[in-house]
Amino acid sequence: MGSLEEAVEGLKKFLSDKDDVAVAQIEKLITGLKKTDLNECDPVKRILEGFQHFKINKFDKYPELYKKLAEGQWPKFLVFACSDSRVCPSHILDFQPGEAFMVRNIANMVPAFDKLKYSGVGAAIEYAVSVLEVQNILVIGHSRCGGIKRLMTHPEDNSTPFDFIDEWVKIGLPAKVKVQAEFGDLPLEDQCKHCEKESVKLSLCNLETYPYVQMGLANKKLRLMGGYYDFVHGKFELLEFEPHFHHLFST
Amino acid sequence: MATLSPSSFTKNFNSSIDFPITSFQTFAIFGPKLKTEQTHFRLSTSFKTGSPLELKAMKEPPGLTQKLDKNRLDRLAESENGCDLFEDLKHRFLRFKKHKFEENLGHFQNLAEGQAPKFMIIACADSRVCPSVILGFQPGEAFMVRNVANLVPPFESGPSETNAALEFAVNSLKVENILVIGHSRCGGIRALMSMQDEVDSSFIRSWVIVGKNARLNTKSAASHLGFDQQCRHCEKESVDHSLLNLLTYPWIEQKVAKGELSVHGGYYDFVDCTFEKWTLDYKGSNFGKNSRLPVKNRFYWC
């Protein structure tokens, strides 16, 4: 707190300057500093205030809705999003309680169906599709994804391997290979951006390998979508994934 | 035999151009299992980013300022017309962009350079318990893992999505707090408590078995209670076991021992709208797998 006050006081000295542009910039800086400082507060206090705000402004205001939700959930969406603190779909797509069954993991990845591995993801898909009968699965990638960057740079950068992260992001290896083949001459930042999108497409393809997803698609009860949130430019892209199965033979 | 044809996602969305539903892109499937299939991407509506407008601070999403009832939930995506769904998502994003992103542009520009969240949250994927909603976490505040029944597998279980996220949050982002949040009427915990001994090949079973110690403790401590009450007991017991499992990660235990990282449990009851929170009281050598979890700073908010 002491250092924040000193910084704010220091900046205020420049406010006497007659340059309007500079004054506006300095005021913006002061506001920004104060906002950042909200993060410094006691975690218990932070959680309590957040919960109180929710209770007063949402739960108590809409009792019928929350009473219904207490009885069960009927979300229309299963959403896969990155664990990144900046990309929660409840913010960027305004999902309200009850609307989206939400899985969040590093780089919003969906591994291919494998009974022996990644049962966490499998359990979420199985539960959402077979039990909750969601109608839409949305995989959302995002800009400047740390997980995708790790995928694109390791092990070529000779950095120390992580215990678990590297094994996880390997799911995206086919996307990395594709991007390096097509865009290998571009700077790393651009390659990463391409891989962030390519990885979403890969995850959508991997979703198709789950039997309950295949059934949902075949019965036209399930729709797959990919999204990309660019928080650098404030943009969102959405695309629909339409699998097309060729019937090859019958026996 | 269907052929694979590689392609790339080339359509860019430009803020000044509105693309109607246009082209089909063929996309190659990865992996030998899917050689017989081709897929097509259909580009749906673009998102006009538009120019910044005169902004008013918005306390709640506009959808909730109307008299909300279950019909709104039903209306979303029940429409036979897929375009309604896309339009709805588009408008949701544009609302966020207008009322949050552009209103706090400096803050979001800072965030774009990097994240420094103080919290890592492990919460259930249940649609009713998003921590951004119930605890008001704003962009940049909380690195979040959401899985079925908010479980944390122990270190010895090997690589998983949850511990990859733990490794990133603790060792790269250096979060100061980990909070595991359980909740009422958890379907995953119910599945754990309902499991019979016969072989069941479902993913749900393979995953929730991570919480088997919580189930054992519940069965021994709460067998006199009805099944619903046992599930409730297990929901909280499972959070405690997840906190113990967190300490099986050497890099977590080291930081907790040094006081650089605090580990907390939480429980959200959406029937009564209450929140409990407790903090692991780590004192080193007294920890063992079979000991009760020592806690401090237990709060109950209602």
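All chains are named by letter (A, B, ...) in the order of the sequence lines, taking the proteins before the strands, and each is independently numbered beginning at 1.
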- Heavy-atom proximity to chain B below 4.5 Å, by part of A/Y210: side chain

- Task: Heavy-atom distances under 4.5 Å only: say whether B/N163 touches chain A with side chain, backbone, both or neither.
- Result: both

- Query: Taking it one step at a time, do B/T162 and B/W207 satisfy side-chain contact (heavy atoms from CB on, under 4.5 Å)?
  - Reply: CA-CA 11 Å; B/T162 303; B/W207 171 248; 3.7 Å; yes

- Side chain proximity check, A/K193 to A/F183, heavy atoms < 4.5 angstrom: no

- Item | Residue pair A/I92 / A/F236, side-chain heavy-atom distance below 4.5 Å | yes

- Task: Against chain A, label B/A165 side chain, backbone, both or neither, depending on which of its atoms sit under 4.5 Å from a heavy atom there.
- Result: both

- Highest number of heavy-atom pairs under 4.5 Å with chain B: which of A/V131, A/V177, A/I171, A/V103? A/V103

- Query: Any idea which of B/H264, B/K100, B/R128 has the most non-hydrogen atom pairs under 4.5 angstrom with chain A?
  - Reply: B/R128

- Query: Side-chain contact, heavy-atom cut-off 4.5 Å: B/F203 with B/V148?
  - Reply: no

- Message: Shorter than 4.5 Å, heavy atoms on both sides: which option in B/V271, B/I134, B/N177 has the most such pairs with chain A?
- Response: B/I134

- Query: Relative to chain B, which segment of A/Y228 carries a heavy atom at a distance below 4.5 Å: side chain, backbone, both, or neither?
  - Reply: neither

- Message: Using a 4.5 angstrom heavy-atom cutoff, name the option from A/M225, A/K67, A/R150 with the most pairs to chain B.
- Response: A/M225

- Task: Examine whether an atom of B/L179 lies under 4.5 Å from a heavy atom of chain A, and if so say whether it belongs to the side chain, the backbone or both; otherwise answer neither.
- Result: side chain

- Message: Is any side-chain heavy atom of A/F113 closer than 4.5 Å to one of A/Y212?
- Response: yes

- When the 4.5 angstrom heavy-atom criterion is applied to A/F59 and chain B, the contacting part is side chain

- Query: Counting distance only, does the side-chain N/O of B/N104 pair as donor-acceptor with the main-chain N or O of B/H107 below 3.5 Å?
  - Reply: no

- Message: A side-chain contact here means heavy atoms from C-beta on lying under 4.5 Å apart; do A/L173 and A/K176 qualify?
- Response: yes

- Between B/I181, B/I122, B/V129, which is the residue that forms a side chain to side chain contact (heavy atoms under 4.5 Å, CB included) with B/R146? B/V129

- Query: What part of B/F155 is in contact with chain A, defined as an atom under 4.5 angstrom from a non-hydrogen atom: side chain, backbone, both or neither?
  - Reply: both

- Would a 4.5 Å heavy-atom cut-off, applied to side chains only, mark A/Y118 and A/W168 as touching? yes

- Query: Most heavy-atom pairs under 4.5 angstrom with chain B, which of A/S83, A/A81, A/G50?
  - Reply: A/S83

- Short N-O contact, A/E196 and A/R144, less than 4.0 angstrom: no

- Message: Taking side chain as everything from C-beta outward and backbone as N, CA, C, O, which of these in B/C130 sits under 4.5 Å from a heavy atom of chain A? Side chain, backbone, both or neither.
- Response: side chain

- Item | Stacked cation flag B/R92 on A/Y229, 6.0 angstrom / 45 deg | no

- Is chain A contacted by the side chain of B/F137, its backbone, both, or neither, given a heavy-atom distance below 4.5 Å? both

- Query: So what's closer than 4.5 Å to chain A heavy atoms on B/F143: side chain, backbone, both or neither?
  - Reply: both

- Of the listed residues (A/E167, A/K117, A/Q73), which shares the most heavy-atom pairs with chain B below a 4.5 Å separation? A/Q73

- Message: Under a 4.5 Å cutoff for heavy-atom pairs, which residue among B/M120, B/K277, B/Q138 has the most contacts with chain A?
- Response: B/Q138

- Item | Under 4.5 Å from any heavy atom of chain A - which part of B/V145 | both

- Item | Best-contacting candidate, A/M109, A/R104, A/K55, A/E71, against chain B by heavy atom pairs under 4.5 angstrom | A/R104

- Message: Given heavy-atom pairs under 4.5 angstrom as the criterion, report whether the side chain, backbone, both or neither of A/A124 touches chain B.
- Response: both

- Note on the structure: Assert top hit (heavy-atom pairs under 4.5 Å, partner chain A, pool B/T274, B/L151, B/I209, B/V210) equals B/T274

- Item | Gap between atom CZ of A/F77 and atom CG of B/L85 - 0.5 Å precision | 4.0 Å

- Item | Side chain A/E198, main chain A/V179, donor-acceptor under 3.5 Å | no

- So, the part of B/S184 with a heavy atom under 4.5 Å from chain A: the answer is neither

